[in-house]
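What follows is one structure encoded as structure tokens, with my remarks underneath.
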Amino acid sequence: MDKQAIIQKEFLGSGWSFPVKFSSGSYQVQLTKYEENINEMINLIMQTNFNERPFEPQFGAGLQRFFFKEMRPTLEGEIRDAVKSALLDNEPRIKVLDVTVEFKDLQTGLIEITILYIYNKTNTRHNYVYPFYIKEGTNLKK
């Protein structure tokens, strides 16, 4: 990647990888940059429940409140609204264009949440797919 392209991407930011990792040998915290950093932040927001962070009680999407709910069209709307609000409140580098919620597997409770967004500075489109299991623990393998 040339220097101009790096400068254009710097607004996307960088931060600690999640989960936190250390490089072997130098024991330095591994960082993520640019698109990878935004995707990790979206994933972190989706996984975090409200009141889970002591000094940021409203951080997260709070999707855990939907565990064991019946997979109905009203649930699709509730999840869509929760995701849009969470990303609006917690990820200022993006603008969410659309969130689709699709019931993929009724047996295992798999819901696929697709987030279509743009970076605020460049208006470049991206998407992120988050698999959410509404029946907690059903994604475990024997």
Side-chain angles (χ1 to χ4, degrees), residues 1-24 26 28-142:
M1 183 180 294
D2 67 1
K3 188 172 182 169
Q4 184 65 23
I6 291 172
I7 291 171
Q8 289 176 348
K9 285 186 165 200
E10 291 206 349
F11 74 90
L12 294 174
S14 64
W16 288 22
S17 63
F18 184 81
V20 177
K21 299 175 196 158
F22 295 91
S23 59
S24 60
S26 67
Q28 296 292 316
V29 173
Q30 287 186 355
L31 301 176
T32 59
K33 293 181 179 183
Y34 316 135
E35 293 91 351
E36 182 182 5
N37 184 257
I38 289 177
N39 285 337
E40 282 189 0
M41 181 55 80
I42 292 171
N43 194 45
L44 182 61
I45 290 167
M46 300 293 282
Q47 292 179 20
T48 304
N49 204 1
F50 296 129
N51 295 312
E52 198 171 315
R53 289 187 164 195
F55 299 106
E56 295 181 80
Q58 295 303 312
F59 182 85
L63 294 178
Q64 293 80 351
R65 69 180 179 255
F66 301 116
F67 282 156
F68 305 112
K69 296 255 182 155
E70 191 174 343
M71 296 170 98
R72 296 178 152 207
T74 54
L75 182 63
E76 287 180 29
E78 291 174 21
I79 292 172
R80 185 180 317 108
D81 291 344
V83 170
K84 283 182 180 180
S85 295
L87 293 173
L88 176 67
D89 293 342
N90 297 297
E91 184 46 83
R93 298 174 289 180
I94 65 170
K95 177 182 177 185
V96 176
L97 300 175
D98 191 31
V99 174
T100 57
V101 178
E102 187 178 346
F103 298 144
K104 283 294 202 181
D105 188 345
L106 296 174
Q107 187 70 25
T108 63
L110 173 62
I111 297 175
E112 194 173 85
I113 303 169
T114 304
I115 303 160
L116 179 63
Y117 63 93
I118 59 172
Y119 298 136
N120 288 331
K121 299 273 184 177
T122 62
N123 291 328
T124 344
R125 287 177 166 242
H126 294 272
N127 71 334
Y128 184 84
V129 179
Y130 181 77
F132 176 60
Y133 287 88
I134 200 163
K135 295 179 182 176
E136 190 175 34
T138 57
N139 60 338
L140 302 176
K141 305 276 189 228
K142 290 183 181 184

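Checking side-chain atoms of K135 against main-chain N and O of L110 turns up no donor-acceptor pair under 3.5 Å. R80 places a side-chain N or O within 3.5 Å of a backbone atom of V99 that can act as its donor or acceptor partner.
Residues L44 and F59 have side chains in contact (heavy-atom distance under 4.5 Å, counting atoms from C-beta outward). Inter-residue side-chain proximity for I111 and Y133 is flagged as unmet; no heavy-atom pair is nearer than 4.5 Å. Using a 4.5 Å heavy-atom threshold, the side chains of V129 and I113 count as separate. Considering only heavy atoms from C-beta on, I134 stays 4.5 Å or farther from F103 through its side chain. With a 4.5 Å cut-off on side-chain heavy atoms, I45 and E91 count as touching. Here the side chains of L63 and N49 are not in contact, with every heavy-atom distance at 4.5 Å or above. Between L87 and I42, some side-chain heavy-atom pair lies under the 4.5 Å cut-off. D89 is not listed as a side-chain neighbour of Q58, based on a closest heavy-atom distance of 4.5 Å or more.
Counted by atom type alone, R93 and N37 present one or more donor-acceptor pairs between their side chains at under 3.5 Å.
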For a side-chain contact (heavy atoms from CB on, under 4.5 Å) check, start with the C-alpha distance between I94 and I38, then their side-chain angles and the critical distance, and finish with the verdict.
CA-CA 8 Å; I94 65 170; I38 289 177; 3.9 Å; yes
Run the numbers on R125 and L116 for side-chain contact (heavy atoms from CB on, under 4.5 Å), then give the verdict.
CA-CA 7 Å; R125 287 177 166 242; L116 179 63; 3.6 Å; yes
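Smallest separation of non-hydrogen atoms from N120 and P92: ND2-O, 2.6 Å. Of all heavy-atom pairs spanning F50 and G60, the tightest one is CE2-O, 3.2 Å. What you find for E52 and Q47 is that their closest heavy atoms are OE1-O, 4.4 Å. In plain terms, the two heavy atoms of A61 and A86 that are nearest each other are CA-CB, 3.5 Å.
For Y117, the side chain to side chain donor-acceptor pair (under 3.5 Å) partners are N39, not counting sequence neighbours. Residues meeting the side chain to side chain donor-acceptor pair (under 3.5 Å) test with E76, sequence neighbours left out: none.
The aromatic rings of F67 and F132 lie parallel to each other, their planes meeting at an angle below 30°, with 60° marking the opposite boundary.
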